[in-house]
Number of protein chains: 2
Amino acid sequence: MPAPPDAFITGEFRRALDDRFRLTLPQEFASLVADDASQTILAKECSGCLSLWKAADWRVRMDDGMSLIREKIRTGRMEQRWTEVQRLGRLLSTRSTEVKLANRARLLIPEGFREFLGVEKGGDVMVIGAVVCVEIWHPEAWLNQLREDMPGFGELFKELSG
Amino acid sequence: MPAPPDAFITGEFRRALDDRFRLTLPQEFASLVADDASQTILAKECSGCLSLWKAADWRVRMDDGMSLIREKIRTGRMEQRWTEVQRLGRLLSTRSTEVKLANRARLLIPEGFREFLGVEKGGDVMVIGAVVCVEIWHPEAWLNQLREDMPGFGELFKELSG
DNA sequence: TGAACTATTGGGCGTGATTCCCACGAAGTG
DNA sequence: CACTTCGTGGGAATCACGCCCAATAGTTCA
């Protein structure tokens, strides 16, 4: 990530979804992933997990394919790349969307992301600070993830901090 | 791409065809693929998928392809391929039509395109922004496409379709 | 301990989006 | 000509979402 002046995003919370699929983020998270206009990027990570990003950070993360497309389009040279652009564009569309937080911290999970998260209306989710973004987990998926990742924590921490 | 710095077309929506094979586009898409006279190009992409283009963009896309072929023909590098060229010519004819968006951003899917899309009247379709065009997918075909393009999301589909 | 705040949650309501459904007219058929 | 099919237009019920406020719960500060 681009050395953000922002603090690391950390913490773990249990939250419940509305019957309208609204989720109020812990206020401290909201300010870290939203811009002044309360806009953020909501993305699909893996089954049972969504993530929230500052638009700028998300763009950086996506840059693999997208910036290339942007360039091609800008310069109008796209010869044989049309279908490729279409394909990536398609994926960009399913993968993420921009959303606005109401009341500074309330997120409406859009259709399409609900099924992906796999939580019923009114159900619980885990909201996790993942340093560079906020993750929203289906409780069970979260447990599985933990079981899988925890043993490697010490190793990973050493690797990333050393 | 034409100079007009049109915004990326993105977004994913589920929509229903009405009993007469009409599809109301998400209004944000309508203006991005239609000109002032509400005309757009409807094209066949692959079985289960149609696409909508601004006429200008479609022309550019075709020309990019055509000029390549023209070049090959001109330089005589088409020897054995004539039957294929012929086949291509044939396909070009059915590949696209110009359609007019009626009243409420409503698109009548013409005969010939219906079977290609493979959705019954009243059935659901997915409407996807593919950056340079809008795509209309048969739900099943869309899932298959995702499975193919996003193997990482593998588990999801097991759950969603199971 | 109590008052003042803040964070979180639940729900009302208005507006616009999406559907469902029907009417009208042109075209096709026997 | 009676009857059916299809393209078109539009009315209207329904639904979803944005906006806002009220109630509750939890914390901080005198």
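Note that the structure is predicted; figures quoted are calculated from it, not measured. Chain letters run A, B, ... following the sequence lines, proteins first and then strands; every chain starts at 1.
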> Quick one: what's the B/S/- string for nucleotides 8-18 of chain C, heavy-atom cutoff under 4.0 Å, read 5' to 3'?
Replying inline: SBBBB----SS
>> Under 4.0 Å, heavy atoms only, any strand: does Ala102(A) hit a base, just the sugar-phosphate, or nothing?
In response: nothing
>> Restricting to side chain to side chain donor-acceptor pair (under 3.5 Å), what partner residues turn up for Arg106(A), sequence neighbours left out?
In response: none
>> Nearest 0.5 Å, please: how far is CZ in Phe116(B) from CG in Leu50(B)?
In response: 7.0 Å
> What is the 5' to 3' range of DNA chain D, first to last nucleotide, that sits under 4.0 Å from any heavy atom of chain B?
Replying inline: dC6(D) to dA12(D)
> How far apart are the C-alpha atoms of Ser51(B) and Glu135(B), what are their side-chain angles, what is the distance that settles it, and do they pass the side-chain hydrogen bond (donor to acceptor under 3.5 Å, both in side chains) test?
Replying inline: CA-CA 4 Å; Ser51(B) 60; Glu135(B) 297 179 340; over 6 Å; no
> Does any non-hydrogen side-chain atom of Glu28(B) lie less than 4.5 Å from one of Leu32(B)?
Replying inline: no
> At their closest point, which heavy atom of Ser93(A) faces which heavy atom of Glu12(B), and how far apart are they?
Replying inline: O-CB, 4.3 Å
> What is the distance from atom CZ of Arg59(B) to atom CZ of Arg61(B), rounded to the nearest 0.5 Å?
Replying inline: 14.5 Å
>> Using the ring pair (Phe, Tyr, Trp, His ring centres under 6.0 Å) criterion, which residues pair with Phe29(A)? Sequence neighbours excluded.
In response: Phe13(A)
>> Nearest 0.5 Å, please: how far is SG in Cys49(B) from CZ in Arg90(A)?
In response: 6.0 Å
> Arg14(B) and Asp124(B): salt bridge (Lys or Arg N to Asp or Glu O under 4.0 Å), yes or no, with the steps?
Replying inline: CA-CA 7 Å; Arg14(B) 192 203 49 78; Asp124(B) 281 350; 3.1 Å; yes
> Which pairs pass ring-ring contact (aromatic ring centres under 6.0 Å, His included) with one or both residues in residues 39-64 of chain B, sequence neighbours excluded?
Replying inline: Trp82(A)-Trp53(B), Trp53(B)-Trp58(B)
> In which stems does DNA chain C show up, taking only runs of three or more Watson-Crick or G-U wobble pairs whose two distances fall under 3.5 Å?
Replying inline: C:1-30 with D:1-30
